[in-house]
Amino acid sequence: MAGVLLTGGNGFLASHILDLLLAQGRSVVTTARNEEKADQIYKLHPDLSPNQLRVIVIQEFTSPGAFDKCFEWDTQFDVVIHTASPFRYAVTDIKRELLDPAITGTTLLLKTIQDKAPSVKKVIITSSFASILNSYKENSCPEHVYSEDNWNPLTMDDAYLNPLNGYRASKTFAERAAWEFMKTRRPTFSLVTMCPTLMFGPVVHPPPTLDKLNTSNQRVRNFIAGDYKVEIPDTGASFFLWIDVRDAALAHVKAMDASKCENKRFLLTAGYFSNKEICEVIREFCPEYEERLPEKNIESGGYPKRGLYGFDNSRASKELGLTYRTLTESITDTVVSLQKLQKQYQEL
Ligand code: NAP
């Protein structure tokens with residue numbers, strides 16, 4: 001079986017993709033940003049030979065030739081999955097910390113594949129619903145149905161207004177650059193972009209500390225830490241749409257072999273969620289946290305009264321056969337996973 005190059009193998013999503021690829025017996029080369037993170041990936045898969053799993057350290061995706069090392073081994077790749085991109089809001093330099101690694105990282109990787117890896121048939125890039133959502137529209141727009149046909153019209157000027165815009169622009173401009181590359185450079189590989197909504201679910205690659213937990217799971221952690229006891233924050237800064245990380249990972253892996261799945265975007269979502277619903281799942285299924293949760297009849301954190309935008313996720317169901325876990329399963333598994341991490345850190 002030919003090999004797969006997967007960027008950012010220690011990430012929340014990528015570590016699930018890595019597990020699925022290894023379970024299929026694929027030979028995987030993945031990347032991490034330093035030796036310590038590379039060692040952690042090896043530690044999670046102790047019995048594999050370098051032919052089965054190899055981790056390449058790439059500190060900066062923006063350095064010229066950054067991806068060259070990935071193609072210096074015997075592995076013949078037929079697929080590249082590019083997930084690594086900054087997803088955090090605690091940034092001070094939007095260009096350096098969000099835009100450049102996302103946009104330059106994507107275009108440099110595509111150029112390197114075209115120049116050095118003629119065996120690659122398909123490139124799958126993790127974009128985001130951030131590149132579909134219209135940042136200038138209110139969430140309460142029931143007349144609008146989001147699908148793969150939509151693009152976020154956010155401008156580069158507005159990207160610099162705040163980190164939320166910066167992140168959304170990093171995803172939008174990186175994905176646009178990838179499609180532009182396909183049009184102008186006409187490579188022999190095809191492109192698929194995945195546009196997942198907010199991802200929850202178990203963490204398989206432990207972060208170095210709980211403070212470094214991936215961004216999307218942080219709100220679940222905040223509930224069980226008691227941070228939202230007085231008021232549940234508005235869900236609106238995120239998408240009101242979600243997916244379990246295991247289903248999003250499976251979508252990437254299914255897209256590798258689906259023959260008709262070429263040169264397309266996929267909107268990935270299980271449906272709507274609100275912060276209040278997360279709270280109620282935790283209250284019902286993890287009752288040990290009751291004292292840290294807000295009162296049951298609290299008003300904040302729900303859905304807007306005028307209703308929400310619509311969404312069309314039928315392409316992923318039809319073409320990838322994707323089915324979705326429920327919010328209850330996803331959130332309870334996230335809580336169990338966080339409990340395990342907490343225990344692990346206390347034992348250190
Ligand atoms: P994550 O756990 O933070 O993983 C991100 C990965 O990207 C990590 O390997 C990280 O390396 C790497 N990375 C971050 N900044 C980088 C930089 N400047 N240069 C090179 N690599 C960098 O996040 P995730 O949730 O798994 O996200 C994976 C992908 O899904 C991203 O493309 C994200 O935009 C997209 N996405 C996520 C969600 C969500 O809700 N989680 C929703 C839609 C789309 P370090 O560990 O060394 O920082």
Side-chain angles (χ1 to χ4, degrees), residues 6-19 30-41 55-63 66-67 70 81-91 93-106 108-109 124-133 152 163-164 166-175 178 193-209 211-220 237-249 251-252 265-270 273 330 334:
L6 168 72
T7 61
N10 64 316
F12 172 51
L13 168 66
S15 49
H16 284 275
I17 297 176
L18 181 60
D19 284 357
T30 191
T31 67
R33 287 206 286 170
N34 60 37
E35 293 291 349
E36 206 183 331
K37 290 174 186 181
D39 285 347
Q40 282 169 357
I41 297 175
V55 188
I56 311 278
V57 173
I58 303 180
Q59 273 169 356
E60 283 298 332
F61 284 177
T62 47
S63 320
F67 292 101
C70 299
I81 305 181
H82 181 43
T83 71
S85 197
F87 178 22
R88 60 180 167 273
Y89 299 122
V91 295
D93 185 336
I94 286 175
K95 178 171 161 44
R96 191 177 54 79
E97 295 175 78
L98 294 175
L99 299 169
D100 287 349
I103 303 166
T104 310
T106 298
L108 185 59
L109 176 60
I124 301 170
I125 294 179
T126 315
S127 183
S128 170
F129 183 63
S131 70
I132 289 182
L133 179 92
N152 195 334
L164 179 67
Y167 172 68
R168 289 180 175 182
S170 78
K171 300 307 290 180
T172 307
F173 284 97
E175 194 193 337
T193 57
M194 293 292 170
C195 300
T197 43
L198 202 70
M199 289 190 267
F200 303 120
V203 175
V204 292
H205 185 109
T209 65
D211 293 332
K212 297 252 178 327
L213 186 67
N214 66 288
T215 298
S216 51
N217 270 343
Q218 275 165 15
R219 73 185 65 201
V220 181
S238 58
F239 303 142
F240 283 107
L241 289 174
W242 77 284
I243 182 170
D244 187 281
V245 66
R246 294 163 288 189
D247 298 331
H252 285 69
R265 311 171 86 194
F266 286 88
L267 193 174
L268 304 178
T269 184
F273 84 98
S330 189
T334 309

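Just so you know, these numbers use all the heavy atoms, side chains as well, and skip hydrogens, waters and symmetry mates. Read the numbers this way: they start at 1 and go in the same order the structure lists the ligands and their atoms.
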Protein heavy-atom partner closest to atom 45 (P) of ligand 1 - residue, atom, separation in Å = K37 NZ, 3.4 Å
request  = Write down the atom of G166, the atom of L98, and the distance for their closest heavy-atom approach.
outcome  = C-CD1, 3.7 Å
ask   = How far is atom 6 (C) of ligand 1 from its nearest protein heavy atom, and which residue and atom name does that atom have?
value = A84 CA, 4.0 Å
key: Any protein heavy atom < 4.0 Å from atom 29 (C) of ligand 1   = yes
note = Judged by heavy atoms only, the candidate from T126, N214, L241 nearest atom 35 (C) of ligand 1 is T126
ask   = Hey, which atoms in ligand 1 end up nearer than 4.0 Å to a heavy atom of L198?
value = 40 (O)
task = List the closest protein heavy-atom neighbour of atom 41 (N) of ligand 1: residue, atom name, distance to the nearest 0.1 Å.
result = S216 OG, 2.9 Å
key: Nearest neighbour in protein (non-hydrogen) for atom 43 (C) of ligand 1   = P196 O, 3.2 Å
request  = Calculate, to the nearest 0.5 Å, the distance between atoms CD1 and CG belonging to I81 and L6 respectively.
outcome  = 6.0 Å
inquiry  = Suppose we measure from atom 46 (O) of ligand 1 to each protein heavy atom; which comes out shortest, and what is that distance?
reply    = N10 ND2, 2.8 Å
message = Could you tell me, atom by atom, which parts of ligand 1 come under 4.0 Å of a heavy atom of K171?
response = 31 (C), 32 (O), 33 (C), 34 (O)
ask   = Out of curiosity, T83 OG1 to I124 CD1, how far, rounded to the nearest 0.5 Å?
value = 11.5 Å
remark   = d(L13 CG, M199 CE) to nearest 0.5 Å is 4.5 Å
note = Heavy-atom nearest pair, S127 first then P196, reads O-CD, 3.5 Å
task = Can you sort out which atoms of ligand 1 are near F61, meaning under 4.0 Å from one of its heavy atoms?
result = 20 (C), 21 (N)
message = Measuring from non-hydrogen atoms of Y167 to any atom of ligand 1, is the shortest distance under 4.0 Å?
response = yes
key: Option of least heavy-atom distance to atom 18 (N) of ligand 1 (set: E60, R33, Q40)   = R33
request  = Record the part of C195 in heavy-atom contact with ligand 1 below 4.0 Å; permitted values are side chain, backbone, both and neither.
outcome  = neither
inquiry  = For atom 38 (C) of ligand 1, which of the options Q218, M199, R96 provides the nearest non-hydrogen atom?
reply    = M199
key: For atom 39 (C) of ligand 1, the protein heavy atom that lies nearest, with its residue and separation   = F87 CE2, 3.4 Å
ask   = Does S128, backbone or side chain, put an N or O under 3.5 Å from an N or O of ligand 1?
value = no
From CA spacing to verdict: side-chain contact (heavy atoms from CB on, under 4.5 Å), I125, E175 = CA-CA 8 Å; I125 294 179; E175 194 193 337; 5.8 Å; no
remark   = If we number the atoms of ligand 1 from 1 as shown, the ones under 4.0 Å from a heavy atom of G8 are 9 (O)
note = dist T7:OG1 -> F61:CZ (nearest 0.5 Å) comes out at 5.0 Å
task = Could you give me the CA-CA distance, side-chain angles and deciding distance for C70 and I58, then say whether side-chain contact (heavy atoms from CB on, under 4.5 Å) is met?
result = CA-CA 9 Å; C70 299; I58 303 180; 3.7 Å; yes
query = Of all the heavy atoms in T197, does at least one lie under 4.0 Å from an atom in ligand 1?
reply = yes
ask   = Considering distance alone, does some N or O of L13 sit under 3.5 Å from an N or O of ligand 1?
value = yes
note = dist T172:OG1 -> Y167:OH (nearest 0.5 Å) comes out at 9.5 Å
query = Heavy atoms, side chains only, cut-off 4.5 Å: are F87 and S128 in contact?
reply = no
query = Is the backbone N or O of W242 less than 3.5 Å from a side-chain atom of T269, with the two atoms forming a donor-acceptor pair by type?
reply = yes
inquiry  = F12 versus ligand 1: do any nitrogen or oxygen atoms come within less than 3.5 Å of each other?
reply    = yes
key: Whether F273 and F240 hold their rings parallel, tilted or perpendicular, with breakpoints at 30° and 60°   = tilted
message = With the threshold set strictly below 4.0 angstrom, can you tell me whether any protein non-hydrogen atom sits that near atom 32 (O) of ligand 1?
response = yes
key: R219/L198 under side-chain contact (heavy atoms from CB on, under 4.5 Å): CA gap, chis, key distance, verdict   = CA-CA 11 Å; R219 73 185 65 201; L198 202 70; 3.6 Å; yes
F200/N217 under side-chain contact (heavy atoms from CB on, under 4.5 Å): CA gap, chis, key distance, verdict = CA-CA 6 Å; F200 303 120; N217 270 343; 3.9 Å; yes
query = Which atoms of ligand 1 are found less than 4.0 Å from any heavy atom of T83?
reply = 28 (C), 29 (C), 31 (C), 32 (O)
inquiry  = Using a 4.0 Å heavy-atom cut-off, which part of S85 comes near ligand 1: side chain, backbone, both, or neither?
reply    = both
note = Ranking A102, G11, S127 by closest non-hydrogen atom to atom 44 (C) of ligand 1, top hit is S127
